A.B. asks: 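Structure below; questions to follow.
All values derive from a computational prediction rather than experimental measurement. Count residues from 1 along the sequence. First listed ligand is number 1; within each ligand, the first listed atom is number 1. Because only heavy atoms are used, hydrogens play no part in the values below, and waters and symmetry mates are left out as well, while side chains stay in.
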Amino acid sequence: MALLIKGGEIVTAESRFRGDVFVEGETITRVGAGLDAPPGTEVLDASGKLVFPGFIDPHVHIYLPFMATFAKDTHQTGSIAALIGGTTTFIEMCCPSRYDDALEGYELWKSKAEGHSACDYTFHMSVTKYEDNTEGQLREIVRDGIASFKIFLAYKNFFGVDDGEMYQTLALAKKLGVIVTAHCENAELVSRLQASLLAQGKSGPEWHEPSRPESVEAEGTGRFTTFVENTGAAGYVVHLSCGPALAAATAAKARGVRISIESVLPHFLLDKTYAERPGVEGMKHVMSPPLRDKRNHGILWNALAAGAIDTVGTDHCPFDTEQKRLGEAAFTQIPNGIPGIEDRVNLLYTCGVVRGKLDLNRFVEVASTKAAKLFGLFPRKGTIAVGSDGDLVIYDTAYRGVVSAKTQSMNNDYNGFEGMPIEGRPAVVTVRGQVQVKDGKFVGDSKRGRLLRREPTHF
Ligand code: URP
Ligand code: ZN
Ligand code: ZN
């Protein structure tokens, strides 16, 4: 089966030109102007529209046992929501806790996804403890095609690692050429501040941010970069939320430490006043690191445009209203997370490109290409080129809509970005040459997604 996308404006991280894309089977075989197609080819008219490489979300949670409950999406609902929003590949955090066996956890996560995803996917493998058998298990997981680890400096006694375990993980990653992604907060300070606030009767969601202030994230970020520096590994700070943490990470970059920086959609668009809303409305906006003071928005947008921030993910992590109510008595019990896998591309395009904060090539770079390069997926993913997978988004810039839980495909009863206008959405989304989405509707094969096996690249 062949597919010809005709007459669109093709936009990659480096270029922008009017042309056609021809996909044979699963792979792009020609890119150019005035391409013809053999009989039987499916031809899609993209005139007046943009044609992007499929977008990559480098940070999502689909299957996630966490905070006494489970995140709501299945691989089926999460991947369909991703595709409707233009994301053709996601990287899921595989998160066994420190009470689980890592290899068994990895097999469990794989089994949850296999045959149930509509888009392609891979995993960052979490290292949540470091025992005698950890190195052997991680080597096996890397041999199976996983080229990135994840560590949490927060979530003490569950996902969190101590400094010794962080060192061991980074030292092994350096030997294996694997990049280590890290949630950077000081776990000890978080638990002390939480206890102190609760002791003062400060139990509502508005106290979540004060329990994990900017300095606590900056300390975690600085410490992580120091460990990366002293092991020679490659590190990636996930969901960076604020100016002081950015300063710590960019200072490390400036002295040559191999650090990349991710921020996530909520930190560009939402601020701590959302979590200060009364009752469960506030709880719906509790995530970690927390939504911050609004003055950070400009800092993050500028850093993104200037190249200091490398990627934009979502940290998609859906808990519904009833689950959020687990934290009614104490903010420390609110399941942390905000969904967003469906909305990232449209909101980044609208609030970034349309509002003049990001140029179009940089938009493609931060939402697709850079993640592909960092995580061993490029040039298979993240660009439109001969030999790349036929993952394409024909983008309708004339579309006008509003983000709403009423119309979303994510499996949740609220949307953290409710009511935000979008000026553009995917008209067509393909995965390896097959049309999966048309005009906001999933029309494809719900089992098309494959595990992307990757080679380490960070030697
Ligand atoms: O609040 C968040 N971010 N929930 C998901 C787990 C994590 O820290 O990424
Ligand atoms: Zn995290
Ligand atoms: Zn996360």
A.B. asks: Numbering the atoms of ligand 1 from 1, which are under 4.0 Å from a heavy atom of His61?
C.D. replies: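 That gives atoms 5 (C), 6 (C), 7 (C), 9 (O) of ligand 1.
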A.B. asks: Atoms of ligand 1 less than 4.0 Å from His59 heavy atoms?
C.D. replies: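 Taking each heavy atom of His59 in turn, ligand 1 has 9 (O) under 4.0 Å.
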A.B. asks: Run the side-chain donor-acceptor check on residues 152-159: report pairs under 3.5 Å with partners two or more places apart or on a different chain.
C.D. replies:
unit_1, atom_1, unit_2, atom_2, d
Lys156, NZ, Glu188, OE1, 2.5

A.B. asks: Under the criterion ring pair (Phe, Tyr, Trp, His ring centres under 6.0 Å), which of Phe149, Trp109, Phe375 is the partner of His124?
C.D. replies: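 Going through the options one by one, the only one that passes is Phe375.
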A.B. asks: Going by the order shown, which atoms of ligand 1 are within less than 4.0 Å of some heavy atom of Met287?
C.D. replies: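 Result: 1 (O).
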A.B. asks: Is any side-chain N of the basic residue among Arg425 and Glu342 closer than 4.0 Å to the acidic one's carboxylate O?
C.D. replies: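 Judged by the 4.0 Å cut-off on N to carboxylate O distance, Arg425 and Glu342 do not form a salt bridge.
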A.B. asks: Would you say Tyr155 has any N or O atom under 3.5 Å from an N or O of ligand 1, going by distance alone?
C.D. replies: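 In this structure, Tyr155 places an N or O atom under 3.5 Å from an N or O of ligand 1.
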A.B. asks: Check this for me, if you would: do Asp271 and Arg292 make a salt bridge, where the nitrogen-to-carboxylate-oxygen distance has to be below 4.0 angstrom?
C.D. replies: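 Salt bridge: no.
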A.B. asks: Taking the Zn ion (ligand 3) as the vertex, what is the angle from NE2 of His61 to NE2 of His59, given to 10 degrees?
C.D. replies: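 Value, to the nearest 10 degrees: 110°.
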A.B. asks: Report, in ascending order of atom number, the atoms of ligand 1 lying under 4.0 Å from any heavy atom of His239.
C.D. replies: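 Close to His239: 8 (O), 9 (O).
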A.B. asks: Please identify which atoms of ligand 1 are closer than 4.0 Å to at least one heavy atom of Cys317.
C.D. replies: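 Ligand 1 atoms under the 4.0 Å threshold to Cys317: 4 (N), 5 (C).
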A.B. asks: Using modelled atom types only, decide if a donor and an acceptor are shared between the side chain of Ser388 and the backbone of Ile384 within a distance under 3.5 Å.
C.D. replies: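 Checking the backbone N and O of Ile384 against the side chain of Ser388, no donor-acceptor pair under 3.5 Å is found.
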A.B. asks: Give the residue and atom name of whichever protein heavy atom lies nearest to atom 3 (N) of ligand 1, and the separation in Å to one decimal.
C.D. replies: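 For atom 3 (N) of ligand 1, the nearest protein heavy atom comes out as Asp315 OD2, 2.6 Å.
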A.B. asks: Quick one: name the protein N/O/S atoms under 2.8 Å from the Zn ion (ligand 2), chain by chain.
C.D. replies: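 Less than 2.8 Å away from the Zn ion (ligand 2) sit His183 ND1, His239 NE2.
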A.B. asks: Could you tell me whether the side chains of Thr407 and Ser404 share a donor-acceptor contact shorter than 3.5 Å?
C.D. replies: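 On atom types as modelled, these side chains do not qualify, holding no pair under 3.5 Å.
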A.B. asks: Considering heavy atoms of the protein only, find what lies nearest to atom 1 (O) of ligand 1 and give residue, atom and distance to 0.1 Å.
C.D. replies: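 For atom 1 (O) of ligand 1, the nearest protein heavy atom is Ser288 N, 2.8 Å.
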A.B. asks: Is there a side-chain contact between Glu418 and Asn415 (heavy atoms, below 4.5 Å)?
C.D. replies: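 With C-beta onward as the side chain, the pair touches.
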A.B. asks: In the protein, which heavy atom is nearest to atom 4 (N) of ligand 1, and how far is it?
C.D. replies: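 It is Asn336 O, 3.0 Å.
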A.B. asks: Run the salt-bridge test on Glu26 and Arg450 with the 4.0 Å N-O cut-off and return the result as yes or no.
C.D. replies: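 Looking at Arg450 together with Glu26, the answer is yes, because their closest N to O distance falls below 4.0 Å.
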A.B. asks: Are side-chain N/O atoms of Ser288 and Arg212 paired as donor and acceptor at under 3.5 Å?
C.D. replies: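 Judged by distance alone, the side chains do pair up.
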A.B. asks: Does Lys112 count as lying over the ring of Tyr63, i.e. NZ or CZ under 6.0 Å from the six-ring centre, within 45 degrees of the axis?
C.D. replies: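 Flagged: Lys112 positioned over aromatic ring of Tyr63.
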A.B. asks: Give a yes or no on whether the backbone of Thr77 and the side-chain of Thr74 come within a donor-acceptor separation of less than 3.5 Å.
C.D. replies: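 Between the backbone of Thr77 and the side chain of Thr74 there is a qualifying donor-acceptor contact (under 3.5 Å).
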A.B. asks: Give the contacting part of His183 toward ligand 1: side chain, backbone, both or neither, where contact means a heavy-atom distance below 4.0 Å.
C.D. replies: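 The answer is the side chain of His183.
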